[in-house]
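Remarks on the structure that follows.
By convention in this document, chain letters (A, B, ...) are assigned in the order of the sequence lines, proteins followed by strands, and residues within each chain are numbered from 1.
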Amino acid sequence: MDEQLHEMVREVVRSIPSGRVATYGDVADIARAPSPRMVGAVLNQDGHDLPWHRVLKANGTCAPHLADEQLRLLREEGVPSLDGKVDLRAYRWEDAVKEKEEPPGLW
DNA sequence: GACATGACCAGAT
DNA sequence: CATCTGGCCATGT
């Protein structure tokens, strides 16, 4: 049923380049997800294969239980975090795609 | 169908 | 910065 959506979200997350991050809202927007909540839901189920650590909350922080792991992985990829927060202004991947509205070749 | 839960978001106080 | 409020919507009981 929501297979379509699942694949979409996964595809988007997979396309986040190393050293960049995106917010749940952004991913939801790009993947045409009905709501950001779904992104989290999908990652929770099928996110094991994906670079889920490149997905943060809208304020630049990560979900509580993942915080430690998240920040560590990001740091290894070259994304510094200050006080548990990432500077979205500088590392937000969506910035490059935002104007386009939709990633090419996805459909 | 009602109700609770969750890797969310934005605005107001 | 901390809370609250309302909205979001799939999943499970």
Side-chain angles (χ1 to χ4, degrees):
Chain A
M1 210 38 175
D2 293 292
E3 285 290 328
Q4 184 90 46
L5 180 53
H6 262 231
E7 287 195 32
M8 279 303 211
V9 173
R10 294 195 353 209
E11 187 59 43
V12 172
V13 173
R14 200 174 309 159
S15 37
I16 303 175
S18 176
R20 284 271 147 119
V21 298
T23 73
Y24 291 92
D26 292 342
V27 173
D29 191 39
I30 297 171
R32 292 280 154 254
S35 117
R37 282 195 173 300
M38 292 297 92
V39 179
V42 170
L43 285 184
N44 194 19
Q45 303 164 48
D46 298 310
H48 51 81
D49 288 275
L50 307 164
W52 53 269
H53 50 268
R54 296 181 192 148
V55 183
L56 321 178
K57 297 212 247 177
N59 60 337
T61 65
C62 25
H65 43 281
L66 295 174
D68 9 81
E69 199 58 8
Q70 181 79 7
L71 295 174
R72 200 195 80 234
L73 288 170
L74 284 175
R75 203 155 79 122
E76 288 183 17
E77 291 203 351
V79 180
S81 51
L82 182 59
D83 192 32
K85 288 168 288 209
V86 173
D87 188 345
L88 293 180
R89 281 181 314 183
Y91 295 93
R92 196 183 199 180
W93 165 64
E94 223 257 321
D95 273 354
V97 195
K98 195 164 196 171
E99 306 297 325
K100 300 185 184 309
E101 193 87 345
E102 282 153 33
L106 201 52
W107 41 44

For [X] and [N], what is the distance between atoms [atom1] and [atom2] respectively, to the nearest whole Å?
X       : N      : atom1 : atom2 : value
A/Asn44 : C/dG12 : CG    : P     : 11 Å
A/Leu66 : B/dA7  : CG    : P     : 8 Å
A/Gln45 : C/dC9  : CD    : C1'   : 13 Å
A/Leu43 : B/dA7  : CG    : C1'   : 7 Å
A/Arg32 : C/dC9  : CZ    : P     : 14 Å
A/Met38 : C/dG12 : CE    : P     : 11 Å
A/Asp46 : C/dT11 : CG    : C1'   : 14 Å
A/Tyr24 : B/dG6  : OH    : P     : 14 Å

Taking the side chain as C-beta and beyond, is there a heavy-atom pair between [X] and [Y] under 4.5 Å?
X       : Y       : result
A/Leu56 : A/Tyr24 : no
A/Val13 : A/Pro51 : yes
A/Val21 : A/Leu88 : yes

- request: Give, ordered by number, those residues of residues 47-62 of chain A having at least one heavy-atom distance below 4.0 Å to an atom of DNA chain B; if nothing qualifies, reply none.
  value: A/Trp52, A/Lys57, A/Ala58
field: Any donor-acceptor N/O pair, A/Asp87 side chain to A/Arg89 backbone, under 3.5 Å
entry: yes
message: A quick test of your reading: do over 12 heavy atoms of other residues, nucleotides or ligands sit less than 6.0 Å from CZ of A/Arg75?
response: no
query: Taking the C1' atom of each, how far is C/dC8 from B/dT5, in whole Å?
result: 14 Å
- line: Between A/Lys85 and A/Pro36, whichever has its closest DNA chain C nucleotide further toward 5' is A/Lys85
message: Check this for me, if you would: do A/Asp26 and A/Arg92 make a salt bridge, where the nitrogen-to-carboxylate-oxygen distance has to be below 4.0 angstrom?
response: yes
statement: Side-chain atoms of A/Ala63 come closest, of C/dT11, B/dA7, C/dC8, to B/dA7
message: Quick check for you: among C/dT11, C/dC8, B/dA7, whose closest atom lies nearest to any side-chain atom of A/Ser35?
response: C/dC8
- prompt: Once you round to the nearest 0.5 Å, how far does CG of A/Asn59 lie from OG1 of A/Thr23?
  reply: 9.5 Å
